[in-house]
Amino acid sequence: MTDNLILAAREQVAALTQSAYEKAAAAGALPAGAEIKAQVDIPKDVKNGDYATSFAMAAAKALGKAPRDIAQALMDHMELEGSYFDKVEMAGPGFLNFTLGCKWFSEVLSTVEEAGSAYGASNEGKGKKVMVEFVSANPTGPMHIGNARGGVLGDALAAVLERLGYDVWREFYVNDAGNQIHKFAMSIDARYQQLILGEDQVTFPEDGYQGEDIRELARGFRAQFGDDWLSKSEEERQEAMAQFGLKNNLPQMKADLRRYQIEYDEWFLESTLHESGYVAETVGLLTEKGWTYEQDGALWLKTSGLLRQKYLAEGKTPEQVDKLELKDDVLRRANGFYTYFAADIAYHRNKLEKRGFDTAINIWGADHHGHVARLQAALDGLGLDGSHRLVIVLMQLVNLLRDGKPERMSKRSGKAIALHDLLDEVSVDAARYFFNGTKPTSPVDFDLGLAVREDSDNPVYYVQYAHARICSLIAKMQGEEGMAVPKAAQVDISAVQSPEELALLKNIARFPEEVKLAGRDLDPSQINRYLSALAGDFHRFYNANRIKGEATQVAEARLKLADTTRSVLENGLNLIGVAAPEKM
């Protein structure tokens with residue numbers, strides 16, 4: 001038995017039609033030996049059946065007959081007994097429309113019951129090793145709502161890929177080296193000196209970090225170490241302040257993400273790449289392969305050549321590539337320090353070569369789009385097939401609203417609202433659901449007012465309420481009627497006949513396909529859209545079909561349908577890291 005009954009029914013339509021053709025050919029009703037490739041689709045209008053095939057139209061030329069004549073011959077030799085389908089009809093120019101029967105609907109109930117929390121799982125990934133790197137915010141300040149979106153997107157995507165049979169690793173890359181850490185230390189140092197000497201006596205760096213969190217770190221450093229560090233050298237003082245800041249910020253970041261229901265397999269430190277010599281080694285490999293040159297004391301990567309090679313391989317013409325005005329990148333500055341780009345190449349070489357991940361998926365902000373092809377091309381230059389093995393999901397911005405109006409300020413810092421501020425105001429469930437509710441390629445409108453409302457306009461409340469409503473119904477039927485949810489094998493599926501019941505069952509069957517599509521498209525918001533649709537189908541079913549007071553076989557069938565819906569709602573909510581409450 002397969003979980004994916006949508007796919008199973010589609011495949012059965014193709015098999016039934018092919019078998020009918022072979023029988024018609026054997027009987028002399030159609031010419032034999034033709035190989036026909038035909039579409040099997042799900043019509044939007046159920047009046048046209050549940051599945052439709054264009055076999056007759058596709059076969060018309062090969063068989064030398066009118067499509068409707070072919071369709072009639074197929075119907076005359078079609079055997080539906082024992083199949084998922086009750087009937088097949090001809091429509092239009094020769095479509096064959098198949099209508100699902102009791103066997104399929106019964107199998108939906110038994111499949112969900114048998115699979116339980118594993119419903120929707122598959123071996124699509126065949127155990128391939130996939131790293132999902134996400135958030136990876138600079139440890140120089142609190143995480144903001146853009147990081148909040150990247151957090152749930154990465155975490156939910158990782159969960160989807162796990163469900164599809166991939167061996168998934170979640171990672172946070174800590175940029176604890178390089179220019180931003182130097183600026184971080186300079187900023188703390190300036191605030192530290194201002195605390196001792198007065199703000200008017202010490203100029204704050206123009207490109208320093210201005211947030212209140214920097215002042216708090218300076219106060220913390222002074223409280224712990226006193227004023228004596230003022231007499232130390234600037235280099236020694238700033239090195240100590242950088243380490244002090246990181247030791248304070250990283251635990252806070254981990255705590256905020258843990259509160260947000262995100263746990264990583266590893267927090268990978270950029271500094272380890274430098275300290276181990278891995279960055280230098282990686283740059284050396286690029287040099288050995290002829291992809292670097294020296295100019296003005298710096299070492300450059302022939303990015304333009306690598307990109308040209310990449311774009312030509314992807315099908316661009318030389319003329320198209322010439323118009324791109326490709327540029328090279330510095331790997332090692334004249335002062336001997338390696339650039340962030342050099343460290344990034346080394347880090348991704350570490351992922352693909354040293355640790356052996358088949359695919360590395362990064363969740364990045366859309367402002368990094370110019371970096372994608374350059375990094376992939378550099379990995380191509382190392383022979384690591386970065387154009388295919390490094391996959392970047394570019395995520396658009398978050399628009400923060402309150403009751404439809406822009407909300408830009410944080411009470412604590414006066415700047416963009418921090419993740420911990422957000423979670424003080426809205427629930428983790430609401431935050432995760434809202435941030436995962438839109439395709440990564442589209443901006444998110446996060447309305448703080450809507451996120452705390454308890455009505456059907458709030459999408460997370462709407463879905464969670466459907467789950468809680470079913471739990472309440474099951475408890476009530478057990479307590480007042482003494483009716484427990486029956487096993488699927490005990491349900492008389494013929495008692496399920498209303499349009500709302502059949503629509504709900506069909507939607508329940510879609511879940512494995514939705515998980516598959518979410519993984520294929522690297523878009524876990526697919527699960528949100530599915531859950532909203534399933535909750536809507538349940539509410540319509542519940543409002544149109546009584547359970548209490550109906551004949552036993554009808555009440556039991558509907559109670560089982562409700563409980564099956566509950567199971568799938570819980571399954572989907574768990575997949576995106578949102579709770580499935582029993583009461584609201």
Side-chain angles (χ1 to χ4, degrees), residues 2-7 108 111-125 130 132 134-135 148-170 257-258 260-265 361 363 393 395 427-440 444 459-468 470-471 507-538 563-582:
T2 177
D3 277 9
N4 195 333
L5 289 166
I6 297 291
L7 179 62
V108 172
T111 297
V112 177
E113 178 181 280
E114 186 177 317
S117 61
Y119 181 55
S122 74
N123 192 32
E124 185 94 4
V130 175
V132 183
F134 56 105
V135 181
R149 183 180 191 191
V152 68
L153 173 56
D155 195 43
L157 177 57
V160 165
L161 294 173
E162 283 172 333
R163 186 67 64 90
L164 292 172
Y166 291 90
D167 180 3
V168 179
W169 183 266
R170 293 166 170 84
L257 287 165
R258 192 169 294 118
Y260 198 37
Q261 305 296 331
I262 293 175
E263 294 282 355
Y264 289 91
D265 294 296
I361 300 172
I363 311 297
V393 178
M395 176 187 69
S427 70
V428 169
D429 285 346
R432 288 188 64 109
Y433 199 93
F434 270 68
F435 281 127
N436 196 57
T438 308
K439 286 178 177 289
V444 166
V460 66
Y461 181 87
Y462 184 68
V463 174
Q464 288 181 320
Y465 176 67
H467 182 271
I470 297 168
C471 291
N507 210 351
I508 287 168
R510 278 181 46 219
F511 183 63
E513 186 74 3
E514 296 295 330
V515 177
K516 180 181 174 182
L517 292 173
R520 184 198 70 182
D521 299 339
L522 305 181
D523 176 19
S525 71
Q526 185 100 12
I527 305 300
N528 289 53
R529 290 188 291 278
Y530 169 77
L531 290 171
S532 293
L534 183 63
D537 279 346
F538 171 75
D563 185 57
T564 305
T565 307
R566 177 205 57 75
S567 177
V568 178
L569 286 170
E570 180 181 15
N571 196 329
L573 286 167
N574 287 342
L575 195 57
I576 58 173
V578 176
E582 295 186 6

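Atom set for the values below is all heavy atoms of this structure, side chains included, hydrogens, waters and symmetry mates excluded.
- A heavy-atom distance below 4.5 Å is not found between the side chains of Val135 and Ile363.
- Between Ile576 and Leu531 there is a side-chain heavy-atom pair separated by less than 4.5 Å.
- Note: Phe435 and Tyr260 have perpendicular aromatic rings, judged against thresholds of 30 and 60 degrees for the angle between ring planes.
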- [ ] Would you sort out whether Ile470 and Leu569 count as a side-chain contact (heavy atoms from CB on, under 4.5 Å), showing the intermediate values?
- [x] CA-CA 10 Å; Ile470 297 168; Leu569 286 170; 4.1 Å; yes

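- Asn436 contributes no side-chain N or O that, together with a main-chain N or O of Asn528, makes up a donor-acceptor pair within less than 3.5 Å.
- Ser532 pairs by the side-chain hydrogen bond (donor to acceptor under 3.5 Å, both in side chains) definition with Tyr433, not counting sequence neighbours.
- In terms of the salt bridge (charged side-chain N to carboxylate O under 4.0 Å, His left out) criterion, Arg149 has no residue partners (sequence neighbours excluded).
- Residue Leu534 holds its CG atom at 5.5 Å from OG1 of Thr565, rounded to the nearest 0.5 Å.
- Every residue meeting the side-chain hydrogen bond (donor to acceptor under 3.5 Å, both in side chains) condition with Asp563, not counting sequence neighbours, appears here in chain and number order: Arg566.
- Put simply, the side chain of Gln464 gets close to the backbone of Ala579: a donor and an acceptor are under 3.5 Å apart.
- Interatomic distance, Asp429 CG to Tyr461 OH, rounded to the nearest 0.5 Å: 13.5 Å.
- Qualifying side-chain hydrogen bond (donor to acceptor under 3.5 Å, both in side chains) partners for Ser525, counting only residues two or more places apart in sequence or in other chains: Asp523, Arg529.
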May I have the list of side-chain donor-acceptor pairs in residues 158-166 shorter than 3.5 Å, sequence neighbours left out?
from   : atom 1 : to     : atom 2 : distance (Å)
Glu162 : OE1    : Arg170 : NH2    : 3.3
Glu162 : OE2    : Arg170 : NH1    : 3.0
Arg163 : NH1    : Tyr119 : O      : 3.0
Arg163 : NH1    : Asn571 : OD1    : 2.6
Arg163 : NH2    : Asn571 : OD1    : 3.1

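- With sequence neighbours excluded, the residues satisfying salt bridge (charged side-chain N to carboxylate O under 4.0 Å, His left out) with Arg258 are Glu263.
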TODO: Could you give me the CA-CA distance, side-chain angles and deciding distance for Arg432 and Val460, then say whether side-chain contact (heavy atoms from CB on, under 4.5 Å) is met?
DONE: CA-CA 9 Å; Arg432 288 188 64 109; Val460 66; over 6 Å; no

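- Contact detail for Asp3 and Ala118: the closest heavy-atom pair is OD2-O, 3.7 Å.
- Panel note: side chain Tyr264, backbone Phe134; a donor-acceptor pair is recorded below 3.5 Å.
- A search for side chain to side chain contact (heavy atoms under 4.5 Å, CB included) contacts involving Ala580 returns His467, Glu570, Leu573, not counting sequence neighbours.
- Side-chain contact between Phe511 and Val112: absent, with no pair of heavy atoms (C-beta onward) separated by less than 4.5 Å.
- Looking only at side-chain heavy atoms (C-beta outward), Asp521 and Lys439 stay at 4.5 Å or farther from each other.
- Looking at residues two or more places apart in sequence or on another chain, you find a side-chain hydrogen bond (donor to acceptor under 3.5 Å, both in side chains) between Asn507 and Arg510, Asp537.
- Put simply, OG1 on Thr111 and CG on Asn4 are 10.0 Å apart, with the number rounded to the nearest 0.5 Å.
- Minimum heavy-atom separation, Val108 to Ala509: CG2-CB, 3.9 Å.
- Under the side chain to side chain contact (heavy atoms under 4.5 Å, CB included) criterion, Ser117 pairs with no residue at all, not counting sequence neighbours.
- Partners of Tyr462 according to the side chain to side chain contact (heavy atoms under 4.5 Å, CB included) rule, which considers only residues two or more places apart in sequence or in another chain, are Ser456, Ala535, His539.
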